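Report on one structure; see the data block that follows.
Just so it is clear, the model here is predicted, and its values are computed rather than measured.
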Amino acid sequence: MTELPTLVAVAHGTANPDGLAEIRRLINIVRTKRPGLPIELCWLERAEPSLADLLAGLEGPAVVVPLLLSTGYHVKVDIAAVVGDRPQTAIAAQLGPDERISKVVLDRLLAGREASDNDVVLFSAGSSDPEAFEQLTEVAGQLQAWLRAAGPSPRLTVHPRFLEFGEDWLGGLPEDCSAANYLLAPGHFNDLLRKHGGYPELCATYIAEPIGAHPLVAAVIADRYDEAAARLAGGLS
């Protein structure tokens with residue numbers, strides 16, 4: 001029987017215990033979806049084990065799945081540098097953009113936002129990589145289409161914004177709006193969003209919860225693993 005590569009889920013990491021617990025809950029959902037698949041969780045920073053330590057103690061093939069919503073330095077440089085030339089190891093794509101995750105973002109927004117024609121701001125952590133903002137803009141477009149279709153306003157706009165790597169991330173936003181949350185779990189950036197989401201900065205009428213542990217996100221993680229494992233089986237890293 002061919003040995004299944006270990007799914008090595010690597011999250012950013014946070015000092016927030018609620019954020020760590022939420023990511024662990026997410027990975028436990030993946031475990032229930034894929035019984036028999038070896039799964040390990042590690043972190044890029046601020047939590048243990050680190051990706052480097054986990055890979056050093058791991059035997060056999062592995063697929064590293066970044067629990068990151070967008071591309072950027074962590075995806076393109078950090079993870080690749082740690083994996084290096086480890087044999088039989090593939091790096092999967094980041095989780096987003098993916099319509100299933102965007103649907104969870106919409107659900108979190110609608111959980112507390114009353115039917116409204118107010119604009120929405122979609123916030124993510126941010127990256128200096130232009131491709132990351134393109135991906136966030138794609139997600140904003142998905143949300144905008146769904147919200148417009150649901151009414152009452154066909155002119156509602158979803159504004160993509162970074163919480164970092166933006167000179168004026170509140171500039172040009174309407175005062176009366178809702179804040180959609182493109183963050184995976186509680187932590188520094190979610191705290192930052194809530195700090196600046198009220199008066200006098202953003203004046204958001206509602207700030208959604210992070211994406212969190214959700215079966216649709218777990219399904220995306222499993223799919224990213226399968227895609228990379230297929231490449232690994234075909235002799236590609």
Side-chain angles (χ1 to χ4, degrees), residues 5-34 37-58 62-84 86 89-98 100-102 104-105 108 123-127 129 132 135-136 139 162-165 181-193 209-229:
T6 298
L7 192 167
V8 177
V10 54
H12 182 276
T14 176
N16 186 318
D18 293 335
L20 298 176
E22 193 68 17
I23 296 297
R24 292 188 180 106
R25 281 192 286 269
L26 173 60
I27 294 306
N28 283 337
I29 296 175
V30 181
R31 290 190 174 104
T32 63
K33 286 180 171 291
R34 302 296 293 268
L37 176 64
I39 300 174
E40 299 287 347
L41 174 62
C42 59
W43 315 86
L44 288 170
E45 55 185 61
R46 299 178 185 173
E48 295 181 349
S50 69
L51 175 60
D53 288 345
L54 190 142
L55 288 178
L58 185 68
V63 171
V64 178
V65 181
L67 303 187
L68 302 169
L69 296 171
S70 304
T71 193
Y73 190 86
H74 286 312
V75 172
K76 294 181 177 180
V77 178
D78 282 350
I79 294 174
V82 173
V83 171
R86 185 183 190 275
T89 304
I91 302 173
Q94 76 278 349
L95 302 184
D98 189 290
R100 290 168 290 183
I101 294 178
S102 300
V104 180
V105 174
R108 301 292 189 233
F123 285 106
S124 78
S127 171
D129 188 329
Q135 293 170 353
L136 183 64
V139 176
F162 282 160
L163 289 162
E164 283 191 351
F165 300 99
N181 195 326
Y182 199 59
L183 301 170
L184 196 55
H188 167 72
F189 289 106
N190 191 59
D191 292 343
L192 186 63
L193 173 54
E209 294 296 322
I211 294 165
H214 193 286
L216 287 178
V217 183
V220 174
I221 293 170
D223 284 353
R224 297 293 182 266
Y225 168 86
D226 288 340
E227 293 159 3

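In this structure, CG in L192 is found 9.5 Å from CG in L183, a value given to the nearest 0.5 Å. To the nearest 0.5 Å, atoms NE2 (H12) and CG (L67) are separated by 12.0 Å. Atom CG of L163 and atom CG of L193 lie 5.5 Å apart (nearest 0.5 Å). With rounding to the nearest 0.5 angstrom, the SG atom of C42 is 6.5 Å from the CG atom of L55. The distance from atom CG of L95 to atom CD1 of I101, rounded to the nearest 0.5 Å, is 5.0 Å. Here CG of D18 is found 10.0 Å from CG of N190. Values are rounded to the nearest 0.5 Å.
Side-chain atoms of R46 never come within 3.5 Å of backbone atoms of A15 as a donor-acceptor pair (strictly under, hydrogens ignored). Between the side chain of Q135 and the backbone N or O of T71, at least one donor-acceptor pair lies under 3.5 Å. A donor-acceptor distance shorter than 3.5 angstrom exists from the side chain of R224 to the backbone of Q94, with no hydrogens or angles considered. Put simply, the side chain of E22 gets close to the backbone of A213: a donor and an acceptor are under 3.5 Å apart. With hydrogens and angles disregarded, a donor-acceptor distance shorter than 3.5 Å links the side chain of R108 to the backbone of I211.
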Would I91 and V75 count as a side-chain contact (heavy atoms from CB on, under 4.5 Å) here? Give the steps.
CA-CA 9 Å; I91 302 173; V75 172; over 6 Å; no

Please evaluate residues L68 and V10 with respect to the criterion side-chain contact (heavy atoms from CB on, under 4.5 Å), reporting the C-alpha separation (whole Å), side-chain torsions for both, the decisive distance (0.1 Å), and the verdict.
CA-CA 8 Å; L68 302 169; V10 54; over 6 Å; no

Going through the checks in order, is the side-chain contact (heavy atoms from CB on, under 4.5 Å) test met by W43 and L20?
CA-CA 10 Å; W43 315 86; L20 298 176; 3.6 Å; yes

What's the verdict on side-chain contact (heavy atoms from CB on, under 4.5 Å) for Y225 and I39, showing C-alpha distance, side-chain angles and the deciding distance?
CA-CA 10 Å; Y225 168 86; I39 300 174; over 6 Å; no

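Side-chain atoms of Y73 and D78, non-hydrogen and from C-beta on, do get closer than 4.5 Å to each other. Under the 4.5 Å side-chain criterion, counting only non-hydrogen atoms from C-beta, L41 is in contact with R24. Between V8 and T89 there is no side-chain heavy-atom pair separated by less than 4.5 Å.
Here the closest non-hydrogen pair linking S102 and V139 is OG-CG1, 3.5 Å. Across all their heavy atoms, S70 and Y182 have their closest contact at OG-CE2, 4.0 Å. When all heavy atoms of S127 and F162 are compared, the pair lying nearest together is O-CE1, 3.3 Å. Scanning both residues, A92 and V63, for their nearest heavy atoms gives CB-CG1, 4.3 Å. Here the shortest heavy-atom pairing between A228 and A90 reads O-CB, 3.8 Å. The two atoms that bring A47 and T14 nearest to each other are CB-O, 4.5 Å, heavy atoms only.
Shown are D226, I29, L7, I221; of these, the side-chain contact (heavy atoms from CB on, under 4.5 Å) with R34 is made only by D226.
Side-chain contact check for R31 and N28: at least one donor-acceptor pair (N or O, by modelled atom type) lies under 3.5 Å.
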